[in-house]
Asks: 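Supplied in structure tokens, the structure appears directly below.
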Amino acid sequence: MENKKTRVRFAPSPTGHLHIGGARTALFNYLFARKYDGTFILRIEDTDELRSTKESVESIFDSMRWLGLVWDEGAMPDMSEKGEFGPYVQSRREAVGIYREYAEKLIKEGFAYRCYCTPEELDESRKKALAEKRLPKYEGLCRHLAPGQAEKYEKEGRKPVIRFKMPDDGFTGWNDLIHKELKFDNKLLYDFVMLKAGGYPTYNFACVIDDHLMQISHVIRGDDHISNTPLQINLYKALGWEMPEFAHLSMILGPDGTRLSKRHGATSVQEYKKLGYLPDTVKNYLALLGWSNPESQQIFAEGELEEKFNLDGCQKSPATFDNVKLQWMNGEYIRKISREKLYEFALPYLQEAGLDLSAAKADVKDLVYMEFEKYKLLSDIPGRLEMFFKEEPAYDPKAMEDVLKKPETDKILSGIAAAYRELPDFSEKSIEEATRVFAKANGYKNGQVFHPVRVAVSGRAQGPTLFKMIEYLSRETAVKRINKTLDMIRTANGEKSK
RNA sequence: GCCCUCAUCGUCUAGUGGCCUAGGACGCUGCCCUUUCAAGGCAGAGAUCAGGGGUUCGAAUCCCCUUGAGGGCGCCA
């Protein structure tokens with residue numbers, strides 16, 4: 001690309017959990033850095049004093065680490081700083097006067113000015129402009145204050161903001177790495193606030209100062225920042241600084257085509273974790289939202305995304321988030337991990353479900369692994385395994401009714417119970433053999449026997465492979481449950497004949 | 001209201017003037033495998049490339065208009 005070192009950043013504002021859109025931006029920055037052997041930086045933009053919280057910072061750290069998006073430089077989870085361009089938290093940068101210094105410099109050079117308009121006044125003029133169908137932008141009232149006016153305002157106690165003096169004519173454009181040529185008429189741009197009355201910088205100001213000072217080479221961010229870019233470019237020009245490259249990623253929409261939000265369900269990385277998605281799934285799926293390679297590859301092995309990612313494969317149009325495909329992908333990843341790993345991932349969900357793991361008669365790892373190819377979500381696991389941890393299974397009324405009403409069930413189940421009781425060795429293999437022998441000897445088709453046994457033992461019509469399930473359940477439990485079902489049949493028949 | 005952006009199967013997308021009778025993936029349908037459910041294998045339906053004009057021997061690909069969707073117009077980021 002160029003001989004300058006590749007340095008990119010993810011710069012979230014800590015006003016909540018890491019959103020899916022933010023995670024995607026972080027991921028693309030991370031992949032870009034890895035691909036070009038660059039540096040991935042994490043900067044915290046906490047200049048919204050009202051909404052920024054420490055908890056949000058921690059949550060963002062957690063989510064990023066969960067996704068495996070390790071950063072080389074920036075604010076660290078233990079609140080330390082890593083790298084030579086710190087501090088990496090904007091409130092800390094403000095504290096040492098970085099932003100004020102550049103704001104004063106711009107005033108001195110005539111690129112900025114103090115503005116004493118109150119929020120109420122601004123609000124009013126905005127409303128008026130809208131009503132008169134004019135552009136609702138700041139008109140630059142304080143650009144030329146009458147002599148002595150500023151002092152008067154100061155005496156009244158008004159706290160000024162510092163605004164950037166936007167050029168009145170000409171155009172501001174750039175060559176976006178994703179959108180190509182982009183151009184704005186400067187007449188539409190406005191004198192944005194650089195420093196708030198409280199002294200904190202605004203986003204557009206802090207972003208430029210920090211990106212420059214941190215020697216960011218590529219700014220990769222969401223589409224929603226396209227209209228901020230011309231503002232920032234004019235700032236770069238006034239400061240006489242070289243601009244980074246810009247790449248604007250398309251948005252992520254909910255299933256109804258509107259911007260992904262709370263009403264679409266889960267929107268934060270944390271929620272997806274809780275729902276039972278594997279981090280690799282989320283990472284892989286997010287990569288495919290707005291990026292693809294010419295082979296239309298779907299599943300990427302470890303390290304493969306880092307190798308194959310590029311900005312050329314990025315989509316200009318917004319992408320709709322598809323939970324169905326996400327679930328499919330999670331199943332793919334679950335099928336790929338080892339028995340040990342799967343158990344590790346499943347454990348919190350089993351505990352969350354309140355299952356007494358010591359109550360099982362088999363190794364819990366075996367139980368979890370038995371149906372591994374069916375799981376779509378880790379949170380599916382407790383429900384499927386419940387029968388192994390409880391005295392009685394949850395009986396599915398429909399399955400029970402189907403089995404109970406078959407005339408032969410009584411005979412079949414008592415025969416099977418007797419056979420199981422007498423088995424010298426209670427293993428999957430011997431159980432299967434005994435069951436098949438019983439069916440054959442009594443002239444039943446396999447399914448005629450297997451199905452009622454399954455329901456009697458598990459309470460359900462569907463489940464794990466039958467004989468392994470019975471082995472894991474143990475002889476006592478299996479026989480006990482079959483007997484219990486026989487009781488239910490007799491009760492039902494007794495009531496019927498009355 | 002003004003500005004900006006975007007537009008290929010339901011969804012994610014391939015495609016950069018002839019290889020496109022538009023390819024892949026998810027989902028859907030059917031068949032096979034099978035003790036159930038899955039998984040797997042095979043087959044299939046599904047897009048007049050938003051609509052309308054051009055340019056060209058030839059357009060999903062280039063140009064214009066229309067429409068629709070999204071973003072922005074904050075002392076939020």
Side-chain angles (χ1 to χ4, degrees), chain A residues 11-13 15 45-52 115 117-119 122-123 126 129-138 159-163 176 179 182-185 187-190 192-204 206-207 221-230 248 250-251 253 255 257-259 285 288-299 313 315-329 331 335 371-376 384 399 432 435-436 439 445-451 453-455 458 460-467 469:
Chain A
S13 64
T15 55
E45 307 213 327
D46 58 345
T47 55
D48 186 336
E49 294 174 273
L50 261 50
R51 292 193 296 156
S52 297
C115 167
C117 298
T118 63
L122 294 172
D123 199 44
R126 210 169 2 248
L130 235 26
E132 291 168 10
K133 304 192 172 179
R134 294 187 344 259
L135 194 63
K137 72 168 193 178
Y138 180 66
K159 287 261 181 290
V161 299
I162 297 177
R163 285 185 186 270
D176 196 274
H179 292 268
L182 254 25
K183 199 169 82 171
F184 285 77
D185 189 336
K187 284 188 187 66
L188 275 359
L189 274 25
Y190 65 104
F192 67 92
V193 172
M194 302 192 309
L195 244 42
K196 307 176 197 177
Y200 261 58
T202 61
Y203 164 74
N204 279 312
C207 179
R221 73 215 327 182
D223 245 355
D224 47 344
H225 287 298
I226 285 184
S227 46
N228 284 142
T229 308
H248 288 94
S250 59
M251 302 272 87
L253 309 178
T258 64
R259 201 175 181 168
Y285 181 72
L288 254 29
L289 272 188
W291 175 81
S292 66
N293 64 0
E295 291 78 40
S296 275
Q297 185 178 348
Q298 305 293 314
I299 304 285
Q315 197 76 8
K316 290 195 261 191
S317 50
T320 303
F321 197 92
D322 182 7
N323 278 299
V324 177
K325 185 162 182 176
L326 215 215
Q327 284 201 16
W328 159 78
M329 196 175 275
R335 268 169 246 130
E371 292 195 273
F372 80 99
E373 76 277 3
K374 298 180 192 175
Y375 303 143
K376 287 218 186 300
R384 285 181 183 272
E432 172 160 10
T435 311
R436 286 183 190 276
K445 278 187 279 188
N446 284 339
Q448 245 181 310
V449 177
F450 294 179
H451 188 65
V453 172
R454 171 183 295 287
V455 175
S458 72
R460 298 187 315 203
Q462 302 162 1
T465 183
L466 182 59
F467 307 109
M469 169 170 78

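What you see below is based on every heavy atom in this structure, not just the backbone, and it leaves out hydrogens, waters and symmetry mates. In this text, all values refer to a predicted model and were calculated from it rather than measured experimentally. Each chain gets a letter, A, B and so on, in the order its sequence line appears, and its residues count up from 1.
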Asks: Whole-Å distance between B/G74 P and A/E49 CD?
Replies: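 Answer to the nearest Å: 20 Å.
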Asks: Return yes if some donor-acceptor pair links the side-chain N/O of A/K376 with the main-chain N/O of A/V324 below 3.5 Å, else return no.
Replies: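 Between the backbone of A/V324 and the side chain of A/K376 there is no qualifying donor-acceptor contact (under 3.5 Å).
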Asks: Give the rounded distance in Å between these two atoms: CD of A/E132 and P of B/C2.
Replies: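 From A/E132 CD to B/C2 P: 15 Å.
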Asks: Please evaluate the base of B/G74 for a donor-acceptor partner in the side chain of A/T202 within a cut-off of under 3.5 Å?
Replies: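 It does not, because no donor-acceptor pair links the side chain of A/T202 to the base of B/G74 below 3.5 Å.
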Asks: If we take the C1' atom in both B/A25 and B/C9, what is their distance in whole Å?
Replies: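 That atom pair is separated by 12 Å.
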Asks: Expressed in whole Å, how much space separates the C1' atoms belonging to B/A59 and B/G72?
Replies: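 Those two atoms are separated by 33 Å.
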Asks: I'd like the C1' distance from B/G51 over to B/A45, given in whole Å.
Replies: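 That atom pair is separated by 26 Å.
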Asks: Which is it for A/Y203 and A/D48 under the side chain to side chain contact (heavy atoms under 4.5 Å, CB included) test, yes or no, and what are the steps along the way?
Replies: CA-CA 9 Å; A/Y203 164 74; A/D48 186 336; over 6 Å; no
Asks: Can you tell me how far C1' in B/A60 sits from the matching atom in B/G15, rounded to whole Å?
Replies: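 My reading of the C1' atoms in B/A60 and B/G15 gives 8 Å.
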Asks: Does A/R454 use its side chain to pair, donor to acceptor, with the backbone of A/T465 at less than 3.5 Å?
Replies: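 No; judged by distance alone, with no hydrogens or angles, the pair does not exist.
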Asks: Considering Watson-Crick and G-U wobble pairs with both distances under 3.5 Å, what does B/A43 pair with?
Replies: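 Partner of B/A43: B/U29.
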Asks: Between A/E295 and A/K133, which is nearer to the 5' end of RNA chain B once each is assigned its nearest nucleotide?
Replies: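 Closer to the 5' end of RNA chain B: A/K133.
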Asks: Sequence neighbours left out, what passes side-chain contact (heavy atoms from CB on, under 4.5 Å) with A/E295? Give chain and number order.
Replies: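 Checked A/E295 against side-chain contact (heavy atoms from CB on, under 4.5 Å); matches are A/N293.
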Asks: Is there a Watson-Crick or G-U wobble partner for B/U48 with both distances under 3.5 Å, and which nucleotide is it?
Replies: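 Pairing partner: none.
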Asks: Using a cut-off of strictly less than 4.0 Å, decide whether A/K137 has a side-chain nitrogen or oxygen near OP1 or OP2 of B/G74.
Replies: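 The answer is no; no side-chain N or O of A/K137 sits under 4.0 Å from OP1 or OP2.
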Asks: Output all residues satisfying side chain to side chain donor-acceptor pair (under 3.5 Å) with A/R134, sequence neighbours left out; order by chain, then residue number.
Replies: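 A/R134 satisfies side chain to side chain donor-acceptor pair (under 3.5 Å) with A/E132, A/E139 only.
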Asks: Report which part of the nucleic acid A/P12 touches: base, sugar-phosphate, or nothing (heavy-atom distance under 4.0 Å, all strands).
Replies: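 Nothing, no heavy atom under 4.0 Å.
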Asks: Tell me: CG of A/L130 to P of B/G74, nearest whole Å?
Replies: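 Taking CG of A/L130 and P of B/G74, I get 10 Å after rounding.
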Asks: Taking a pair as Watson-Crick or G-U wobble with both distances under 3.5 Å, which nucleotide is matched to B/G1?
Replies: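 Answer to the pairing question: B/C73, which forms a Watson-Crick or G-U pair with B/G1.
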Asks: At under 4.0 Å, does any side-chain N or O of A/R126 touch on OP1 or OP2 of B/G74?
Replies: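 It does, given that an N or O in the side chain of A/R126 lies less than 4.0 Å from OP1 or OP2 of B/G74.
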Asks: Counting only side-chain heavy atoms from C-beta out, which of B/U36, B/C75, B/A14 sits nearest to A/A197?
Replies: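 Out of B/U36, B/C75, B/A14, the nucleotide with an atom closest to A/A197's side chain is B/C75.
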Asks: Any side-chain N or O of A/T47 less than 4.0 Å from the OP1 or OP2 oxygen of B/A77?
Replies: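 Yes, because at least one side-chain N or O of A/T47 sits under 4.0 Å from OP1 or OP2 of B/A77.
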Asks: With sequence neighbours left out, what residues match A/D223 under side-chain contact (heavy atoms from CB on, under 4.5 Å)?
Replies: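 side-chain contact (heavy atoms from CB on, under 4.5 Å) list for A/D223, sorted by chain: A/H179, A/I226, A/H248, A/S250, A/M251.
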Asks: Using a heavy-atom cut-off of under 4.0 Å over every strand shown, decide if A/S227 touches base, sugar-phosphate, or nothing.
Replies: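 Sugar-phosphate contact only.
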Asks: Any sub-3.5 Å donor-acceptor pair from A/T15's side-chain atoms to A/R51's backbone N or O?
Replies: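 No: the side chain of A/T15 does not pair with the backbone of A/R51.
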Asks: Contact class for A/N228 (heavy atom, under 4.0 Å): base, sugar-phosphate, or nothing?
Replies: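 The answer is base, as A/N228 lies within the cut-off (heavy atoms under 4.0 Å) of a base atom.
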Asks: For a quick check, with a 4.0 angstrom heavy-atom cut-off, what is the B/S/- contact string for nucleotides 5-12 of chain B, read 5' to 3'?
Replies: SSS---SB
Asks: Looking only at atom C1', what distance separates B/G10 and B/G27, rounded to whole Å?
Replies: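 So the two C1' atoms sit 8 Å from each other.
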Asks: Nearest-Å distance, CE (A/M194) to P (B/A77)?
Replies: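 To the nearest whole Å, that distance equals 14 Å.
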Asks: Return the value, rounded to whole Å, for the distance between atom OH of A/Y200 and atom P of B/C75.
Replies: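 One finds 18 Å between P of B/C75 and OH of A/Y200, rounded.
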Asks: So what's B/U35 paired with, Watson-Crick or G-U wobble, going by both distances under 3.5 Å?
Replies: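 WC or wobble partner does not exist here.
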Asks: Expressed as a whole number of angstroms, how long is the span from A/E432:CD to B/U34:P?
Replies: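 After rounding, the gap between these two atoms is 13 Å.
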Asks: Once side-chain contact (heavy atoms from CB on, under 4.5 Å) is applied, do any residues pair with A/K159, and if so which ones, sequence neighbours excluded?
Replies: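 For A/K159, the residues satisfying side-chain contact (heavy atoms from CB on, under 4.5 Å) (neighbours in sequence not counted) are A/A197.
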Asks: Provide, to the nearest angstrom, the distance between the CZ atom belonging to A/F184 and the P atom belonging to B/C2.
Replies: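 After rounding, the gap between these two atoms is 16 Å.
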Asks: Is A/G463 touching bases, backbone alone, or none of the nucleic acid, heavy atoms closer than 4.0 Å?
Replies: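 A/G463: base contact, heavy atoms under 4.0 Å.
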Asks: I'd like to check the side-chain contact (heavy atoms from CB on, under 4.5 Å) partners of A/A399; sequence neighbours left out, ordered by chain and number.
Replies: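 With neighbours one apart ignored, the set is A/D396, A/V455, A/A461.
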Asks: Select base, sugar-phosphate, or nothing to describe what A/T258 touches, counting heavy atoms under 4.0 Å on all strands.
Replies: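 Sugar-phosphate, no base atom in range.
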Asks: Using a heavy-atom cut-off of under 4.0 Å over every strand shown, decide if A/V324 touches base, sugar-phosphate, or nothing.
Replies: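 Here A/V324 touches the backbone only, sparing every base.
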Asks: Between A/R134 and B/C3, is there a contact of a side-chain N or O with OP1 or OP2 at under 4.0 Å?
Replies: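 False: A/R134 side-chain N/O out of range (4.0 Å or more) of B/C3 OP1/OP2.
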Asks: Rounded to whole Å, please give me the gap between CD in A/E373 and C1' in B/U34.
Replies: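 Roughly 13 Å, once rounded to whole Å.
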Asks: May I ask you to verify whether the side chain of A/D224 and the base of B/A77 hold a donor-acceptor pair under 3.5 Å?
Replies: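 In this structure, the two groups form no donor-acceptor pair.
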Asks: For B/C75, take OP1 and OP2 only and decide whether either is under 4.0 Å from a side-chain N or O of A/R163.
Replies: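 Yes, such a contact exists.
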Asks: Is there side-chain contact between A/E432 and A/T435, with heavy atoms separated by less than 4.5 Å?
Replies: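 No, every pair of side-chain atoms sits at 4.5 Å or beyond.
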Asks: Using purine N1 to pyrimidine N3 plus N6-O4 or O6-N4 for Watson-Crick, or N1-O2 and O6-N3 for G-U wobble, each under 3.5 Å, what pairs with B/A7?
Replies: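 Partner of B/A7: B/U67.
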Asks: Pick base, sugar-phosphate or nothing for A/R51, based on heavy-atom distances below 4.0 Å to the nucleic acid.
Replies: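 Touches a base.
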Asks: Would you classify A/P119 as touching base, sugar-phosphate or nothing, given that sugar-phosphate means primed atoms plus P, OP1 and OP2, and contacts are heavy atoms under 4.0 Å?
Replies: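 Answer is base: heavy atoms of A/P119 come under 4.0 Å of a base.
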Asks: Hey, does the side chain of A/S292 come within less than 4.0 Å of B/A14's phosphate (OP1/OP2), counting only N and O?
Replies: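 For B/A14, OP1/OP2 do have a side-chain N/O of A/S292 under 4.0 Å.
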